[in-house]
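Scroll down for the structure; my scribbles are underneath it.
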Amino acid sequence: MSAQASIAVLGAGSWGTALGIVLARNGHNVCLWARDPGLAERSQQDRVNARYLPDCPFPESLKITADLPLTLNAAEQVWLALPTKVLADFLSDHASHFPVDAIVVNASKGFEQGTGRQISQMVASCLPKHPFVAVSGPTFAHEVATAKPSAITVASVQPQAAECIAATLRNHTLRTYPTEDVIGVEIAGGLKNVLAIAAGVADGFGFGANARAALITRGLAELMRLGGLAGAKPETFMGLAGVGDLVLTCTDDQSRNRRFGLKLAQGYTRDEAVAAIGQAVEGIGAAAEGERLAGRYQVDMPIVHAVYQVLYEGVLAREAVSQILAREPRHQEV
């Protein structure tokens, strides 16, 4: 475990709250920022985020506030746990408040809507002098917050920054594994949610375990094809941030994206399914950006394309999944 640090966590949803709890439990001074002043006030008073993690009490060194300048003041690390769709505007509006020497750690997954930019690129454009680290892997918020054994990838092109954040986060139940492959970690984390929607749809129609395994395997091949063209390392997709997170998200109902796919199979519209989930479903925006990236790199991504068609072109979910499973077989490729 690293020496005591002053840490700002921006975003008080389930994942941001879980990270704040873990970092404070590790002995760091943590300030968690919530966009909703009411949520911040209630959570600070009750010492628990009742909306997102009601059975996970706050450690003593965790405080929560809606005062952003106060949260960022003197922070040595700034962790981003905000919905991807708001991140670009947030960074543009508030970059001047970030402490000069702070390491920026992204814990969100996805791409900038309308451009397909990775989060590392968004951060670099607004905070070019700050070390950047991405954390990603098979980590459901509740299990991390309740100290269930978990492991996560910590990526940075600056090895010293990756090692610092890995040490900050690591404890006896949470393993951390540094890597320099930011591109691969972000592509895997951003697009696995799209594949989880497809897996949820297939399961919702009762297509069975064989179909789910086929979707996961071929989905992994899509990620690796795109990643290879984008400059990622193949081994990243075979690790925690790749196949680990993909399997978790596609097979467990704690995954919002998988549950969203199940709702689509039950006949819900996109908006109805989102309302039923009650939290951000990152795979929706990621499907559009995955379609954009597939076109940019001229890479075949039939599962991502099928999810895009369902969400944006009105194709019926059953028809889209059936088309994937009925595709003409050919020699298996990476």
Side-chain angles (χ1 to χ4, degrees), residues 1-11 13-32 53 56 59 61-62 75-82 102-110 118-120 123 130-190 192 227 232-249 252 254:
M1 191 182 299
S2 66
Q4 186 180 66
S6 177
I7 300 174
V9 179
L10 308 184
S14 55
W15 186 221
T17 302
L19 287 169
I21 288 171
V22 171
L23 292 166
R25 193 184 292 146
N26 284 357
H28 304 292
N29 292 316
V30 181
C31 189
L32 177 63
L53 291 175
C56 300
S61 61
L62 172 63
E76 300 164 71
Q77 301 172 16
V78 180
W79 291 60
L80 304 174
L82 296 164
I103 299 174
V104 177
V105 186
N106 178 58
S108 300
K109 297 171 182 177
Q118 294 177 214
I119 293 173
S120 57
V123 172
H130 290 256
F132 175 82
V133 178
V135 296
S136 186
T139 46
F140 284 137
H142 186 266
E143 293 188 14
V144 170
T146 53
K148 296 224 171 26
S150 305
I152 196 166
T153 299
V154 179
S156 179
V157 296
Q158 298 165 285
Q160 200 169 15
E163 291 289 350
C164 174
I165 298 305
T168 300
L169 192 56
R170 184 185 302 126
N171 58 41
H172 68 286
T173 61
L174 181 57
R175 302 290 299 170
T176 57
Y177 294 88
T179 178
E180 295 181 23
D181 187 13
V182 174
I183 293 173
V185 166
E186 289 191 323
I187 286 176
K192 57 93 183 184
K233 297 179 180 178
E235 55 266 31
T236 298
F237 297 94
M238 302 308 297
L240 292 168
V243 68
D245 205 4
L246 179 62
V247 170
L248 181 79
T249 311
D252 194 290
Q254 291 181 75

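Scope of the values below: all heavy atoms of this structure, side chains included, with no hydrogens, waters or symmetry mates.
Residues Asn106 and Val135 are not in side-chain contact: their nearest non-hydrogen atoms beyond the backbone lie 4.5 Å or more apart. In this structure, the side chains of Ile7 and Trp79 come closer than 4.5 Å at one or more pairs of heavy atoms.
Take Ala145 and apply the side-chain contact (heavy atoms from CB on, under 4.5 Å) test, not counting sequence neighbours, and it matches Ala18, Ile21, Leu53, Cys56. Residues satisfying the side-chain contact (heavy atoms from CB on, under 4.5 Å) criterion with Ser150, sequence neighbours excluded, are Thr139, Val144, Leu174. By the side chain to side chain donor-acceptor pair (under 3.5 Å) test, Thr173 is found to be paired with Asn171, residues two or more places apart in sequence or in another chain being considered. Ser120 meets the side chain to side chain donor-acceptor pair (under 3.5 Å) test with Glu186; sequence neighbours excluded. Judged as a side-chain contact (heavy atoms from CB on, under 4.5 Å), and not counting sequence neighbours, the contacts of Ala102 are Val78, Pro99, His130. Take Asp181 and apply the salt bridge (Lys or Arg N to Asp or Glu O under 4.0 Å) test, not counting sequence neighbours, and it matches no residue. For Ser14, there are no side chain to side chain donor-acceptor pair (under 3.5 Å) partners at least two apart in sequence or on another chain. Residues passing the side chain to side chain donor-acceptor pair (under 3.5 Å) test with Thr179, sequence neighbours excluded: none.
Without hydrogens or angle criteria, Gln4 side chain to Gly27 main chain gives a donor-acceptor distance under 3.5 Å. Although no hydrogens or angles enter the test, the distance criterion places no donor-acceptor pair under 3.5 Å between the side chain of His28 and the main chain of Leu23.
Once rounded to the nearest 0.5 Å, the distance linking NZ of Lys192 with CZ of Phe237 reads 14.0 Å. The line from NZ of Lys109 to CH2 of Trp15 is 7.0 Å long, rounded to the nearest 0.5 Å. Atom CG of residue Asn29 and atom CD of residue Glu76 lie 9.0 Å apart, to the nearest 0.5 angstrom. With rounding to the nearest 0.5 angstrom, the CD1 atom of Ile165 is 11.5 Å from the CZ atom of Arg170. The line from CG of Asn26 to NE2 of His172 is 9.5 Å long, rounded to the nearest 0.5 Å. We find the SG-CD distance between Cys164 and Gln77 to be 5.0 Å, quoted to the nearest 0.5 Å.
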Just distance, no hydrogens or angles: give the donor-acceptor pairs under 3.5 Å from side chains in residues 155-162, sequence neighbours left out.
residue: Ser156; atom: OG; partner: Phe132; partner atom: O; Å: 2.7
residue: Ser156; atom: OG; partner: Gln158; partner atom: N; Å: 3.0
residue: Ser156; atom: OG; partner: Gln158; partner atom: O; Å: 3.3

